[in-house]
Amino acid sequence: MRWSDLFAPTLRDAPADASTANHRLLVQGGFIRQLHAGHYSMLPLGMRVYVKVEQIVREEMNRIGGQEFLTPALHPASLWQRSGRWESMGEEMFRLADRKGADLALGMTHEEVFADLAREISSYRDLPQIWYQIQMKFRDEPRPRSGLLRVREFAMKDSYSFDLDDEGLDRSFDRHHRAYTRIFERLGLPAIPVAASSGAMGGTGSTEFMVPSPTGEDDVVRCGSCGYAANRERAASAVEPVADNEAGPEAPVRFPTPGVRTIEALAEAEGGAPADRQIKTMVMALDGAVTLVLLRGDHQLELQKLRDGAGAAEVRPAQAAETVERLGASPGSLGAVGVRGLRILADHALAGRRNLTTGANEDDWHLSGVDVGRDIAVDEWLDLREVAAGEACTVCGSPLEVVRCIETGHIFKLGRRYAEALGATVLDPDGVERTITMGSYGIGIGRAMAAVAEIHHDDKGLVWPVPVAPYEAVITVAAARDEAAAAAGSRLYEELGDRGVEALLDDRDARAGVKFADAELIGVPWRVTVGRALADGVVELTERATGTTERVAVDDVADRLAETIAEMHGLMAGV
RNA sequence: CGGGACGUGGCGCAGUCAGGCAGCGCACCUGCUUUGGGAGCAGGGGGUCGCCGGUUCAAAUCCGGCCGUCCCGACCA
C-alpha cells in the first residue's frame with residue numbers, strides 16, 4: 001500500500017474525550033471512529049489489525065479441532081424462552097419486534113443457538129464436537145467505556161463444546177485452555193488464567209484470562225510465590241484468627257451508644273469494641289427477599305460471592321424503609337441477635353466467635369457479649385469476604401497481591417443446562433438417551449485489540465507486536481520529490497512484497513518529520529528510511545519498539561527485514 | 001440508575017459570567033519558497049454554535065425542557 005492512497009486520518013491532537021490509551025491512540029492513529037457510545041467503525045488500519053487478531057484466533061481454534069460456523073445475530077424470542085433466559089437476561093438484551101409483532105432479540109451470546117443445532121447430533125459416536133464462530137454480539141451495557149474495551153456491539157469468537165460426559169467436558173475445556181494460552185501469547189498479551197465466578201452463565205467452573213492493566217475492570221488476587229490466582233469475585237485468603245479469650249457474659253448486654261452509626265465510631269465509643277470484635281450486619285435484598293448478611297466488622301462484603309453463595313440472581317442493599325420495617329432500627333444499630341423470620345447468612349470468619357459487639361436493633365443501642373453460636377440463628381455459613389491485598393495465600397501462606405486486569409477471555413464448563421433445555425441428546429453405547437454436556441468459551445476480538453494497544457504503546461503512539469501490526473514495515477521516503485529516493489523506495493517496496501513482507505510505502509509529499517511522527521503513531525514495527533545516505537547505497541532500519549537505528553546497504557535490507565520478521569512470527573507462534 | 005464534566009467547521013480550543021458582524025491553532029485547497037523530526041509567506045473554502053421552545057429590537061451567550069458524549073460509582077457473561 002502506498003500511503004498516498006491510504007485512508008488513515010491521523011490526528012495531530014488527541015481526541016479530548018478519550019482518556020484511555022487504546023481509545024486515544026486508536027482514534028488518533030486513524031484506526032477507529034465512534035458512531036455513538038459503545039459502537040465503533042473499523043477504518044482500514046483498524047480493520048487490518050482486527051483481521052489479524054481474528055485470524056490468530058481462528059488458527060488456534062482450528063488447531064484444537066474447532067469447526068467454524070456463522071449463525072444469525074437476530075434470534076426469535078422462543079429460542080430464549082426455552083432456556084429461560086428471555087426472562088433472566090433483563091435489560092442487557094436488545095429486544096425488538098418484527099412487522100408481524102413477533103418478539104426478537106439481538107444475540108448477546110449463542111448457547112441457545114448452538115444447543116439447538118446440536119439437536120442433530122444423535123450418537124455418542126459423533127462426540128466430541130467443538131463448534132465456533134466469529135460473529136457480532138449485542139449487549140445493552142449500562143455504561144460502555146474505555147474505547148473498544150466495553151462496547152455494546154462487538155465481534156466475539158464464541159465456541160461451544162459437546163461431550164458425552166464430564167470427563168469429556170474436562171478434555172474440551174483443557175483444549176480451549178491451551179488454545180487460549182497460545183492465542184494470547186501470539187497477540188503479545190501476558191494473560192494469566194484465573195479461577196472465576198460463572199455469574200449468569202451457570203455451570204460448574206470457569207477460568208478467565210486476565211491481562212494486568214490499570215485500564216481493566218476486574219481485580220485479580222494473585223500469589224507471587226505459589227501461583228494461586230483468582231478473580232476477586234471468588235478469591236480466598238487466610239485470615240488471622242482473633243482470640244476471644246475473655247469469657248463473655250451469660251447473655252448479651254445492652255448498652256447505650258448515642259449517635260454511633262459506624263464500625264469506626266463503635267470502636268471508639270464507651271463500651272465499644274475494636275472492629276475485628278464487632279459483627280457487621282448488612283441488610284440485603286436477594287431476589288427481593290430481605291436477608292441479613294453478617295461479616296466481621298473489619299471485613300468488606302464481596303457482592304459476587306453473596307450472589308454465587310446464596311444462589312441469587314439479583315442482589316441489592318435493602319431500602320431504608322424495608323430495614324426499619326423488618327428490624328425496627330436504622331443502619332448503624334442493626335444486629336442479628338434474636339432475629340426470627342429472616343434468612344441469616346454469615347461469613348466463615350465469624351464461626352465460633354464469642355463475646356462480640358453488634359447492633360441491638362434499636363437506634364442508639366448496641367449489644368456486647370454476643371456469642372455467635374449461642375445468640376444468632378445463622379442459616380448458612382458462606383465465604384462472603386472480599387480479599388484484601390497482603391492477606392495470606394490459603395495455599396502457601398505468602399502475602400497476596402491484588403492486580404487490576406482486563407478480562408480478555410473466559411471459558412466455562414456449562415454442564416447440561418442448555419442441552420437439557422433445548423433437548424440436545426444422544427444415544428450412548430448402551431442405547432440410552434443422554435443429555436449432551438456443554439462448555440462455552442469466548443474471546444472478544446475488539447477487546448483483545450484494545451488490550452494489545454493498552455499494553456503496547458509509548459508516548460509517541462502504538463507499538464504493535466509484529467503478528468498483529470497493520471503493516472510490518474513502513475518505507476519512509478524522506479524526500480518524496482527526490483526522484484532517486486522515490487525510485488529506491490518503490491524498488492524496496494516491490495522487494496519486500498516479493499518476500500512476503502507487508503509493507504507500507506510512505507510516498508507522501510510531506511516533510512520527513514510528519515512521516516516519522518505518523519509512522520510512530522500508527523505503530524509499525526519496522527521503519528526503513530530512504531534518505532540522505534542513499535547516495536552511499538545505505539538506508540536506515542529503525543525498530544519501533546526500541547528506537548534503535550542501524551545503517552544497512554539498500555541492496556540487503558529487504559532480505560534482512562524479511563528474515564527478521566519471519567523470525568518474530570515464528571517466535572510469537574511458538575514454532 | 002446516583003455523582004461530576006462537557007457539547008462552537010474534520011481535530012484541539014477561545015468566546016457564554018457581563019446578549020450586539022462567529023473567532024484562533026492544526027488540518028484542507030491554490031501559488032511561491034522550504035525539504036531528516038509535526039515548515040514559512042500570501043490567498044482561499046468550510047460552522048443551522050447539540051435539539052426544541054421561551055425572553056428580547058437582538059441569543060453561541062439569559063430561562064425552561066430534551067438529546068448526546070466522557071469520567072467516577074452502581075451494574076456487567
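The sequence lines fix the lettering, A, B, ..., with proteins before strands; numbering per chain opens at 1.
In this structure, the side-chain hydrogen bond (donor to acceptor under 3.5 Å, both in side chains) partners of A/Thr549, at least two apart in sequence or on a different chain, are A/Thr542. A/Phe173 is linked by a ring pair (Phe, Tyr, Trp, His ring centres under 6.0 Å) to nothing, counting only residues two or more places apart in sequence or in another chain. A search for ring pair (Phe, Tyr, Trp, His ring centres under 6.0 Å) contacts involving A/His456 returns nothing, not counting sequence neighbours. Here A/Thr215 pairs with A/Thr20, A/Ser146, A/Leu149, A/Ser213, A/Glu454 under the side-chain contact (heavy atoms from CB on, under 4.5 Å) rule; sequence neighbours left out. With sequence neighbours excluded, the residues forming a side-chain hydrogen bond (donor to acceptor under 3.5 Å, both in side chains) with A/Asp458 are A/Arg544, listed by chain and number. In terms of the ring pair (Phe, Tyr, Trp, His ring centres under 6.0 Å) criterion, residue partners of A/Phe209 (sequence neighbours excluded) are, by chain and number, A/His177, A/Tyr180, A/Phe184.
Screening residues 520-542 of chain A for salt bridge (charged side-chain N to carboxylate O under 4.0 Å, His left out) gives A/Glu520-A/Arg527 as the qualifying pairs, with residues at least two apart or on separate chains. Applying the salt bridge (charged side-chain N to carboxylate O under 4.0 Å, His left out) test to every pair with at least one member in residues 210-222 of chain A, sequence neighbours left out, gives these pairs: A/Arg145-A/Glu217, A/Arg150-A/Glu217, A/Asp219-A/Arg232, A/Asp219-A/Arg404. Listed by first and then second residue, the salt bridge (charged side-chain N to carboxylate O under 4.0 Å, His left out) pairs that reach into residues 105-114 of chain A are A/Arg85-A/Glu111, A/Arg85-A/Glu112, sequence neighbours excluded.
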Enumerate all atom pairs, one protein N or O and one N or O from nucleotides 31-37 of chain B, separated by less than 3.5 Å.
{"from": "B/U34", "atom 1": "O2", "to": "A/Arg511", "atom 2": "NH1", "distance (Å)": "2.9"}
{"from": "B/U34", "atom 1": "O4", "to": "A/Arg481", "atom 2": "NH1", "distance (Å)": "3.3"}
{"from": "B/U35", "atom 1": "O4", "to": "A/Arg481", "atom 2": "NH1", "distance (Å)": "3.2"}
{"from": "B/G36", "atom 1": "OP1", "to": "A/Arg532", "atom 2": "NH2", "distance (Å)": "3.2"}
{"from": "B/G36", "atom 1": "O2'", "to": "A/Arg532", "atom 2": "NH1", "distance (Å)": "3.0"}
{"from": "B/G36", "atom 1": "O2'", "to": "A/Arg532", "atom 2": "NH2", "distance (Å)": "3.4"}
{"from": "B/G36", "atom 1": "O6", "to": "A/Gly531", "atom 2": "N", "distance (Å)": "3.2"}
{"from": "B/G36", "atom 1": "O6", "to": "A/Arg532", "atom 2": "N", "distance (Å)": "2.8"}
{"from": "B/G36", "atom 1": "N1", "to": "A/Glu540", "atom 2": "OE1", "distance (Å)": "3.1"}
{"from": "B/G36", "atom 1": "N1", "to": "A/Glu540", "atom 2": "OE2", "distance (Å)": "2.9"}
{"from": "B/G36", "atom 1": "N2", "to": "A/Glu540", "atom 2": "OE1", "distance (Å)": "2.6"}
{"from": "B/G37", "atom 1": "O6", "to": "A/Arg527", "atom 2": "NH2", "distance (Å)": "3.2"}
{"from": "B/G37", "atom 1": "N1", "to": "A/Glu520", "atom 2": "OE1", "distance (Å)": "3.4"}
{"from": "B/G37", "atom 1": "N1", "to": "A/Glu520", "atom 2": "OE2", "distance (Å)": "3.0"}
{"from": "B/G37", "atom 1": "N2", "to": "A/Glu520", "atom 2": "OE1", "distance (Å)": "2.3"}

Identify each atom pair where a protein N or O and an N or O of nucleotides 41-51 of chain B are less than 3.5 Å apart, giving names and distance.
none

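Within 4.0 Å of A/Arg139, counting heavy atoms only, lies at least one base atom of the nucleic acid. Counting any heavy atom pair closer than 4.0 Å across all strands shown, A/Arg307 reaches sugar-phosphate atoms only and no base atom. In this structure, A/Ser146 reaches the sugar-phosphate backbone alone: every heavy-atom distance under 4.0 Å involves primed, P, OP1 or OP2 atoms, never a base.
Across all strands shown, B/C29 is found opposite B/G43 as a Watson-Crick or G-U wobble partner, with both distances under 3.5 Å. Both distances falling under 3.5 Å, in either a Watson-Crick or a G-U wobble arrangement, place B/C6 opposite B/G68. Both distances falling under 3.5 Å, in either a Watson-Crick or a G-U wobble arrangement, occur for no nucleotide opposite B/A74. Pairing for B/C17 is absent, judged as Watson-Crick or G-U wobble with the two contacts each under 3.5 Å. Across all strands shown, B/G12 is found opposite B/C24 as a Watson-Crick or G-U wobble partner, with both distances under 3.5 Å.
In this structure, A/Leu11 atom CG and B/G25 atom P are separated by 19 Å, rounded to whole Å. Rounded to an integer number of Å, the gap from CZ of A/Arg24 to C1' of B/C71 is 15 Å. Taking atom CZ of residue A/Arg447 and atom C1' of nucleotide B/C76, one finds them 9 Å apart after rounding to whole Å. A straight line from CD of A/Glu141 to P of B/G73 spans 15 Å, rounded to a whole angstrom.
Comparing B/A74, B/C70, B/C75 against the side chain of A/Tyr40 picks out B/C70 as the nearest.
If you find the closest nucleotide of RNA chain B to A/Gln28 and to A/Asp218, the one lying nearer the 5' end belongs to A/Gln28.
For the contact set between residues 13-22 of chain A and RNA chain B, defined by any heavy atom under 4.0 Å, the members are A/Asp13, A/Ala14, A/Pro15, A/Ala16, A/Asp17, A/Ser19.
Relative ring orientation between A/His110 and A/His75 is described as perpendicular, the plane-to-plane angle rising above 60° on a 0-90° scale split at 30° and 60°.
Aromatic pair A/Tyr160/A/Trp131: centroids not less than 6.0 angstrom apart.
No N or O donor and acceptor, one from the side chain of A/Arg143 and one from the base of B/C76, sit under 3.5 Å apart.
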